[in-house]
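Order of listing sets the numbers, starting from 1, for every ligand and every atom in it.
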Amino acid sequence: MAALIILIVAVIVPIYFTVIKKNNKSTGAAAPAHTTGSGGGGNPGNSSNPNNPHTLITGGDGSLVTTSDGSTFTYVNKFGGFWYDDPKDPFNDNAQPNSWTPPLNTTWDWSKDKVYGVNLGGWFVIEPFITPYLFEKYVNQSINVVDEWTLSQAMAADTAGGGLQQLEDHYNTFITEQDIAEIAGAGLNWIRVPIPFWAIDKWDGEPFLDKVCWKYILRLFGWARKYGLRVNLDLHTIPGSQNGYNHSGKSGQIDFMNGVMGMANAQRTLDYIRIITEFISQPQYAHVVPMFGIINEVLFTTIGKDQITSFYLQVHEMIRGITGIGEGHGPYISIHEGFQGVASFAGFLPNSDRIALDVHPYFAFGGGSGSDPISSYSTMACGWGPDMNTSQTAFGVTAAGEFSNGFNDCGLYLTGVGNSHTYTGDCSKWQDASTWDQSTKDDLKTFAMASMDALQNWFFWTWKVGNSSTTNSVQSPLWSYKLGLENGWMPTDPRAALGTCQGLGAGGGTPFNGQYESWQTGGAGAGSIAAASTAQFPWPPTSIAGAGDPATLPTYTPTGTVSTLPPPTVTAPATAAAINGWFDAQDTALAYTTVAGCKYPDAWNALDVAVPPVCTGTGAKRAALPEPAITSLPMARAAVKRT
Ligand SMILES: *[C@@H]1O[C@H](CO)[C@@H](O)[C@H](O)[C@H]1NC(C)=O
Ligand SMILES: *[C@@H]1O[C@H](CO)[C@@H](O)[C@H](O)[C@H]1NC(C)=O
Ligand SMILES: *[C@@H]1O[C@H](CO)[C@@H](O)[C@H](O)[C@H]1NC(C)=O
Ligand SMILES: *[C@@H]1O[C@H](CO)[C@@H](O)[C@H](O)[C@H]1NC(C)=O
Ligand SMILES: *[C@@H]1O[C@H](CO)[C@@H](O)[C@H](O)[C@H]1NC(C)=O
């Protein structure tokens, strides 16, 4: 009898604790076991019912994750982070990537929280060196593949090889849910995600795969929410190209705010920025996407700083007209420093509302030989510290949206398909990490940590680099955070970077821990840009580089249908009903489109064409220029409406 009782206890008790108790815990709507600052690596729940894996809605280190495609893996997070995924509550923002990062449902405090981020480069915006295999398939064929424009043409022509849909396979597989979980497990807390404008739509003549990636961007937002990562969403490609780089969609010309189609391309860009803002400002997404990089790496030297400032001011008025003013009202607006140096942005548009400054310090593209010892680059990286620090007060929130371990420009296609390297040494070593000895890895790790320490708020470029199909290995290993973690040249805990510069005797690493002015983080005074500033930067600007008076240039007319971004399909009750992809129901302006009956120059190739005669179109109505500059914010909402 005693033996039987012991047997019953031995069977029942474990069943109670493993099945019943855990299921109670995981099906309840209660908060997960981990809360801010709990540290440790306990396991808040685990499913022991293989037939019903979704009974597990949250878990920490060691928990079994069921991914959105039904596969499973074990979550590894030594930093007290936990994931949260309740199908009955799909917009729950409880997840936390680690103990020192506020959960998504809690405001990020720029004066003390630090961005430790990675980019998801080469995923939704294709770059030759990140996915060389996509290009290798088409080099030396009839179409010279150098950028996404030409790659799309080559793929579309190759119907037997999968056609343009090959890009969808890439969206579906290049970055997986497990990657996102690993990013959280690596002690990181933000991701910067480059996206193309053709996530929304494309116009006639553009070869891109339009709209398809949006579904995968939405899936990513879901993963970021699940693992507690914040997203800095970066509009990386702009109609006409904003920098002529291959990662702007088309390499070569800059037709955004430059040349005959410069104004028209800017109008179209305003719409894309508006449509993205409307989506990410919805309460279901505001915590997941608290920062919006409106244009990646715009080239000031071509376009002009005053002109681009006019554009940024117009965007600021448009975005804040949609979101309202002050912390909690829409994303930070991140602008790139245009290769001018952050110091030149001191005092930029005082009393704007939450504009952040983005800088991409690289040694690889400086044209230097790259042949000095790696340690000398660590010292140089520490030299970024004082500027970053000063900018926090002189400008406001400042972060490095990109940096890498590339102290030279070695790497397959790193300088573009078919371009040569400036590195004077032997590149083969830097294209094959399997040859690196421990001291090389140690030097690289110190370089990475010196960069992190100096930059303070940073996004490594990039999380993952794909293999070359000819060598079946990563040919630009200096650019892969994931590979560095796996092989010991990236820190497993990014907090370890603090103090690296001081340790090197290189100074420059004292973190900013002071106060921002209240307006710089959306507090008192935000959104009241002085009339003197708005007058100095009118929209449209007084002249467009290479083309003169914007009033003489071809423009579009705001009479088109807006391409809104569709929300995900959610089956959960209540929360699902409210979401339609458009935050501000009062924003009913139509989208820019061509004036019927007018013929426009090629918007991607209009630098050498003559300004066409004014065309009034079949509608006998000349394309209208956008409204004059808005002089005060309360007016902004009304002024951007074109009802
Ligand atoms: C979670 O459950 C699985 C399957 O029963 C088990 O193998 C694993 O050890 C459990 N993990 C933890 C941390 O309890
Ligand atoms: C936010 O999430 C934490 C868990 O990270 C939870 O404890 C807390 O209740 C949540 N707060 C709100 C307001 O939902
Ligand atoms: C392509 O992009 C790489 C990486 O940004 C850059 O180094 C190279 O100059 C670019 N090439 C062209 C032709 O845009
Ligand atoms: C990339 O190459 C490595 C070997 O260098 C190999 O282990 C890995 O499986 C490859 N990845 C893919 C996706 O082919
Ligand atoms: C950074 O700013 C802090 C004040 O927030 C200051 O104490 C520190 O010396 C600065 N460091 C550098 C390198 O400028």
(message) Taking the basic N atoms (NZ, or NE/NH1/NH2) and the acidic carboxylate oxygens, is any pair closer than 4.0 Å for Glu177 and Lys226?
(response) yes
Would you please indicate yes or no on a ring centroid separation below 6.0 angstrom for [Y] and [X]?
X	Y	answer
Trp461	Trp479	no
Tyr516	Trp110	no
His247	Tyr245	yes
Phe79	Trp100	yes

(request) Answer with side chain, backbone, both or neither: which part of Asn105 has a heavy atom less than 4.0 angstrom from an atom of ligand 2? (result) side chain
(message) Within the 4.0 Å heavy-atom shell around Pro103, which atoms of ligand 2 are there?
(response) 5 (O)
(request) State which residues pass ring pair (Phe, Tyr, Trp, His ring centres under 6.0 Å) with Tyr138; sequence neighbours excluded, sorted by chain then number. (result) none
Pairs under 3.5 Å, nitrogen or oxygen of ligand 4 with protein nitrogen or oxygen:
from     : atom 1 : to     : atom 2 : distance (Å)
ligand 4 : 2 (O)  : Asn467 : OD1    : 3.3
ligand 4 : 2 (O)  : Asn467 : ND2    : 2.3
ligand 4 : 2 (O)  : Asn472 : O      : 2.7
ligand 4 : 5 (O)  : Asn472 : O      : 3.0
ligand 4 : 11 (N) : Asn467 : ND2    : 2.9
ligand 4 : 14 (O) : Asn467 : ND2    : 3.4

(message) Is there a polar contact between ligand 2 and Asp93, counting only N or O atoms under 3.5 Å apart?
(response) no
(message) Just to check, does Tyr84 reach to within less than 4.0 Å of ligand 2 when the distance is taken from its heavy atoms?
(response) no
(message) Can you tell me how the ring of Trp223 sits relative to the ring of Trp123, calling it parallel under 30°, perpendicular over 60° and tilted otherwise?
(response) parallel
(request) Measure the acute angle between the ring planes of Trp430 and Phe407, then classify it against the limits of 30° and 60° as parallel, tilted or perpendicular. (result) perpendicular
